[in-house]
Structure formats: C-alpha cells, structure tokens
Enquirer: 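I am attaching a structure below and will ask some questions about it afterwards.
Side chains are part of it too, since the values below use all heavy atoms of this structure and drop only hydrogens, waters and symmetry mates. Each ligand, and each atom within it, is numbered from 1 in the order the structure gives.
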Amino acid sequence: MAVTRVPLGHRSYDILIEHGALDRAGDHLARFARKGRLVVITDDDVAAAQLTRLETALAAAGVSIEPIVLPSGESTKSWRFLEVLLDRLLALEVERSDHVVALGGGVIGDLVGFAASILKRGCNFVQVPTTLLAQVDSSVGGKTAINTGAGKNLIGSFHQPSFVLIDPSTLDTLDARQTRAGYAEVVKYGLIDDPAFFAWCEANGPALLAGDDAARTAAIEKSVAAKAAIVGEDERETSGRRALLNLGHTFGHALEAETGFSDTLLHGEAVAAGMALAFRFSARQGLCDPAEAARVSAHLQAVGLPHDLPTAHVSASGEALVAHMLHDKKMAGGNLPFLLARGIGRTYLAKDVALSDVAAFLDEEQAG
Ligand SMILES: NC(=O)c1ccc[n+]([C@@H]2O[C@H](COP(=O)([O-])OP(=O)(O)OC[C@H]3O[C@@H](n4cnc5c(N)ncnc54)[C@H](O)[C@@H]3O)[C@@H](O)[C@H]2O)c1
Ligand SMILES: [Zn+2]
C-alpha cells in the first residue's frame with residue numbers, strides 16, 4: 001500500500017494506492033459517510049463492472065450507498081447531466097459538510113468534482129478512479145469541468161477532493177484500448193522530467209498493458225507522486241510548472257479536434273501522437289537529438305499507440321491543424337505556448353514558437 005500526500009496546506013489530501021482497496025472500502029471510506037449513508041455517483045459501465053464491490057465492502061462496515069448512475073461517455077460531462085446530478089443531490093439532501101463519491105473514469109470525476117464545487121456553494125468529494133487515465137492523471141489535482149458547444153473543459157473549477165482511493169485491480173474490467181490510451185499519460189511523466197522512468201516504461205510498459213499488477217501499481221504510484229508534487233507547487237497553473245503536464249496536448253488537441261473528439265482517436269491516443277510530434281518538432285528546431293525523438297516514437301509504437309499523423313488517422317494539412325490549436329484555451333496574448341523538449345526528461349515551456357514553423361513541420365510529417 002502506498003500513500004501519497006498532495007501538499008496544499010489545509011486542503012492537503014491523501015491518495016491511497018492498493019490492489020484490492022475497493023474490497024476494503026469500509027476501512028477507507030466509512031469515515032466519509034453520514035448517518036450510515038454515502039452517495040456514490042458512477043456511470044452505467046462502471047456500475048456494471050465495479051459498483052457491487054464497493055457496495056459489498058461498505059455494507060460490511062455498516063454503510064449503505066445511494067447510487068446515482070449516469071450514462072457512460074464524454075457527453076455526460078454536460079450542462080444537462082450537471083443539472084440532473086445536482087437535482088438528485090439536492091433531493092437526497094446532501095449537505096455542505098457531506099462527502100459524495102465519484103466512482104469512474106475522468107468523465108465521472110470531472111462532472112462530480114464540478115457538481116461538488118457548486119452544490120450549496122461547495123460540498124466535499126472523494127475520487128475512486130477506475131480508468132488508468134483517471135488513476136494517473138485526472139483524479140489528482142482538483143481540475144473539474146464540463147464540455148459545452150464552445151469546446152471541451154471550458155466551464156469548470158478548481159476543487160480538490162478530500163481523498164483519492166486507487167485500486168489498480170479495477171483495471172481488470174477496463175477495455176484494453178482505454179488502458180493503453182491512459183498509459184500515454186504515464187509515459188508523459190517520464191518524458192517531462194524523469195528519463196529513468198521513461199526507461200522503466202520501455203522495459204515494463206508491455207507487461208503493464210498485459211495486466212501485470214506489480215507493473216501497473218508501480219506506474220500508478222510513480223505517476224501520482226509526480227502529479228501530486230507538481231500540483232503542490234503550482235495548483236492553479238500560474239507559475240508554468242503545472243503547464244508541463246500538457247506535454248503533447250497542444251498537438252494532441254488539434255488531432256482530437258480534427259477527428260471530432262470521437263472514438264476515432266481517444267484523448268490518450270491523441271496525447272501519444274502529440275508527444276511524438278512535440279519531440280520530432282523539437283528535433284527539427286535543433287533543440288533535441290533526433291535519436292531521442294525516435295526513441296519516444298519507437299516506444300509508443302511498440303505498445304500500439306499512435307505516434308504520427310497516419311496512425312492518429314489524421315490527414316489534414318498543417319494549416320488546418322494549426323487553426324485548431326489557435327482555438328485552444330491555453331492561448332495567451334496571441335502567442336501559443338508550446339511544450340518542447342531538449343531531450344527525454346527535459347521538457348520546457350517555449351513561448352516563442354512560430355506557428356508557421358509548426359504548420360510547415362506538420363506538412364512535412366504529412367508528406368512522410
Ligand atoms: N481533471 C483533469 O485533470 C483531467 C485530466 C485528464 C483528463 N480529464 C478528462 O477525463 C475524461 C476522460 O476520462 P477517461 O479516459 O477515464 O474516460 P471515461 O471516464 O469516459 O471512461 C472510459 C470508458 O470506460 C468505462 N469504464 C471506466 N472504468 C471502467 C472499469 N474499471 N471497467 C469497465 N469500464 C470502465 C467508462 O464507463 C467509459 O465508457 C475527459 O473528459 C478529460 O477531459 C480530466
Ligand atoms: Zn491528458
């Protein structure tokens with residue numbers, strides 16, 4: 001069992017990572033119940049796969065759950081389901097001092113976190129993430145959001161959970177493609193500032209994706225520790241430190257927009273291709289050894305993740321992709337901040353990137 005603390009003064013919280021923790025949820029979550037009841041928000045697929053485990057474990061500790069089951073999928077992160085959820089929480093008379101539980105992937109975590117941040121001006125919540133992406137990234141750090149017609153994650157808040165319970169065994173029921181997509185965010189931590197961890201990924205990534213529990217637990221512990229440290233330093237992305245977590249995301253966002261934010265390209269898959277592109281662009285600009293960029297692509301390819309435009313199913317021109325980037329919310333004062341790399345584990349925030357260079361690079365990539 002590993003416990004990592006997110007250091008944020010009186011809002012500090014623990015992240016517990018333990019195989020089988022869900023079956024011992026009474027030990028970990030009973031203290032968040034009021035009058036023997038805990039409201040648990042989840043989605044259809046997670047309810048079918050994992051809710052009984054939580055319910056049984058809490059019942060053994062004398063806690064009954066009040067489940068709210070929403071549809072699975074990105075479209076649940078919407079005004080509509082925010083309203084549905086808030087109305088249910090009000091009907092259940094959830095109080096400001098109460099804790100509600102988000103059991104699911106990033107969609108449920110982001111929606112529940114946002115609802116908790118505004119219910120009666122803010123109640124508490126606990127994250128029980130069940131996708132690899134949520135376990136290594138979205139459940140930690142307090143970013144909450146819904147999507148609107150104007151774009152993804154444009155409405156939201158910073159609202160930190162009170163506790164995060166991660167049981168890697170929940171991944172046993174997760175689709176292999178979803179797990180692989182989440183793995184891209186694991187690799188990201190190595191590429192940002194930890195070359196030894198990237199080497200670990202090269203050696204252990206295939207076993208992790210085959211379901212090896214020691215490998216996935218080690219990867220989650222490492223990723224969570226990295227994210228917790230960054231969030232502790234720069235909770236609201238003001239110093240530039242937290243922005244490093246967006247490695248591969250500017251390119252990735254353009255690929256996601258081009259493929260219509262659909263199942264053609266999952267978020268993590270777009271991030272994988274985006275990281276490979278960021279490294280090759282850095283090499284093209286003479287910042288990074290091309291051999292390092294090739295090593296990044298080779299690992300992503302080895303585990304079956306997209307690593308260039310064709311494997312991301314994108315055939316658009318550089319100009320079209322740059323146009324998507326200009327709609328990115330991270331655009332500041334007309335300059336597009338870009339995460340580039342001087343090598344593996346040497347990512348930095350560049351503020352002087354010419355978009356014409358990016359477009360020319362993407363056209364070269366497209367030409368092969
Ligand atoms: N808040 C943040 O910091 C942050 C960071 C990264 C991503 N996100 C957000 O996270 C969302 C994506 O999250 P995601 O990739 O976890 O997707 P998701 O929540 O949609 O989960 C993917 C699919 O897997 C199913 N599922 C989840 N856990 C399962 C399990 N254990 N067994 C069987 N099925 C399971 C879900 O029902 C869903 O159909 C996006 O909306 C993104 O914007 C937020
Ligand atoms: Zn991401």
Enquirer: May I ask you to identify, for E74, whether its side chain, its backbone, both or neither come under 4.0 Å of ligand 1 on a heavy-atom basis?
Expert: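 The part of E74 near ligand 1 is the side chain, not the backbone.
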Enquirer: With respect to atom 17 (O) of ligand 1, which of S138, G106, S169 exhibits the smallest heavy-atom separation?
Expert: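 Nearest heavy atom to atom 17 (O) of ligand 1 lies in G106.
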Enquirer: So which of D137, D110, L133 gets nearest to atom 7 (C) of ligand 1, if we judge by its closest heavy atom?
Expert: L133
Enquirer: Got the closest protein heavy atom to atom 21 (O) of ligand 1, with its distance?
Expert: T131 CG2, 3.6 Å
Enquirer: Which ligand 1 atoms are under 4.0 Å away from a heavy-atom of T173?
Expert: 30 (C), 31 (N), 32 (N), 33 (C)
Enquirer: For T130, is at least one N or O under 3.5 Å away from an N or O on ligand 1?
Expert: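 The answer is yes, given that T130 and ligand 1 share an N or O pair closer than 3.5 Å.
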Enquirer: Counting only N and O atoms by type, is there a donor-acceptor contact under 3.5 Å from the side chain of T131 to the main-chain atoms of A134?
Expert: yes
Enquirer: Among all protein heavy atoms in this structure, tell me which lies nearest to atom 35 (C) of ligand 1, with the distance rounded to 0.1 Å.
Expert: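 Residue, atom and distance for the closest contact: L174 CD1, 3.5 Å.
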Enquirer: Work out which heavy atom in V94 is nearest to a heavy atom in C123; give both atom names and the distance.
Expert: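 Looking at all heavy atoms of both residues, the closest pair is CG1-SG, 4.4 Å.
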Enquirer: Considering the heavy atoms of S72, write down every atom of ligand 1 situated less than 4.0 Å from one of them.
Expert: 37 (O), 39 (O)
Enquirer: Considering non-hydrogen atoms only, spot the tightest contact between I17 and P168 and give its length.
Expert: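 What the structure gives for the nearest pair is CG2-CG, 4.2 Å.
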Enquirer: Can you tell which part of V107 has a heavy atom less than 4.0 Å from ligand 1: side chain, backbone, both or neither?
Expert: both
Enquirer: Looking only at heavy atoms, is any part of Q127 under 4.0 Å from ligand 1, and if so is it the side chain, the backbone, or both, or is it neither?
Expert: neither
Enquirer: With E95, which of R37, K120, K35 fulfils salt bridge (charged side-chain N to carboxylate O under 4.0 Å, His left out)?
Expert: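 The residue from R37, K120, K35 that satisfies salt bridge (charged side-chain N to carboxylate O under 4.0 Å, His left out) with E95 turns out to be K120.
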Enquirer: Which is closest to atom 1 (N) of ligand 1 by heavy-atom distance: Q135, H267, K143?
Expert: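 Residue with the shortest heavy-atom distance to the ligand atom: K143.
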Enquirer: Could you tell me whether F251 and F338 have their ring centroids closer than 6.0 angstrom?
Expert: yes
Enquirer: Out of all atoms in ligand 1, which are within 4.0 Å of some heavy atom of K77? Include the element for each.
Expert: 9 (C), 40 (C), 41 (O), 42 (C), 43 (O)
Enquirer: Tell me if the centroids of the rings in H253 and F261 come within less than 6.0 Å of each other.
Expert: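 For H253 and F261, the ring centres are under 6.0 Å apart.
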Enquirer: So, R24 and D167, do they make that salt bridge, N to O below 4.0 Å?
Expert: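 Here R24 does not pair with D167 in a salt bridge, since their nearest N and O are not under 4.0 Å apart.
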Enquirer: Show the atoms of ligand 1 that are less than 4.0 angstrom away from any heavy atom in V46.
Expert: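 Selected atoms, number and element: 26 (N), 27 (C), 28 (N), 29 (C), 35 (C), 37 (O).
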Enquirer: Near D45, which atoms of ligand 1 are under 4.0 Å from a heavy atom of that residue?
Expert: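 Matching atoms, with element in brackets: 37 (O), 39 (O).
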Enquirer: Quick one: angle H249 NE2 - the Zn ion (ligand 2) - H267 NE2, to the nearest 10°?
Expert: 100°
Enquirer: For R34 and S97, run side-chain hydrogen bond (donor to acceptor under 3.5 Å, both in side chains): C-alpha distance rounded to whole Å, both residues' side-chain angles, the deciding distance at 0.1 Å, then the answer.
Expert: CA-CA 10 Å; R34 182 166 61 91; S97 58; 5.3 Å; no
Enquirer: Which of the listed options, E256, R177, Q178, holds the heavy atom that is closest to atom 23 (C) of ligand 1?
Expert: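 Closest candidate by heavy-atom distance is Q178.
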Enquirer: Against heavy atoms of K227, which atoms of ligand 1 measure under 4.0 Å?
Expert: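 This gives 3 (O) as the contact atoms.
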Enquirer: Any cation-pi pair here, R11 with F158, using under 6.0 Å and within 45°?
Expert: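 Cation-pi check for R11 and F158: fails.
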Enquirer: V100 and side-chain contact (heavy atoms from CB on, under 4.5 Å): which partner among L92, L85, V112?
Expert: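 Considering L92, L85, V112, a side-chain contact (heavy atoms from CB on, under 4.5 Å) with V100 is found only for V112.
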Enquirer: Would you mind naming the N, O or S atom of E185 nearest to the Zn ion (ligand 2)?
Expert: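 This turns out to be OE2.
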Enquirer: For atom 31 (N) of ligand 1, which candidate among T170, N153, L111, N147 holds the nearest heavy atom?
Expert: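 Looking at heavy atoms only, T170 sits closest to atom 31 (N) of ligand 1.
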Enquirer: Taking only heavy atoms of D43 into account, list the atoms of ligand 1 that are under 4.0 Å away from them.
Expert: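 It comes down to these atoms of ligand 1: 36 (C), 37 (O).
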Enquirer: Is D289 salt-bridged to R342, going by a charged N under 4.0 Å from an acidic O?
Expert: no
Enquirer: One thing to verify: whether R346 and D193 come together as a salt bridge, which I'm taking to mean a side-chain N less than 4.0 angstrom from a carboxylate O.
Expert: no
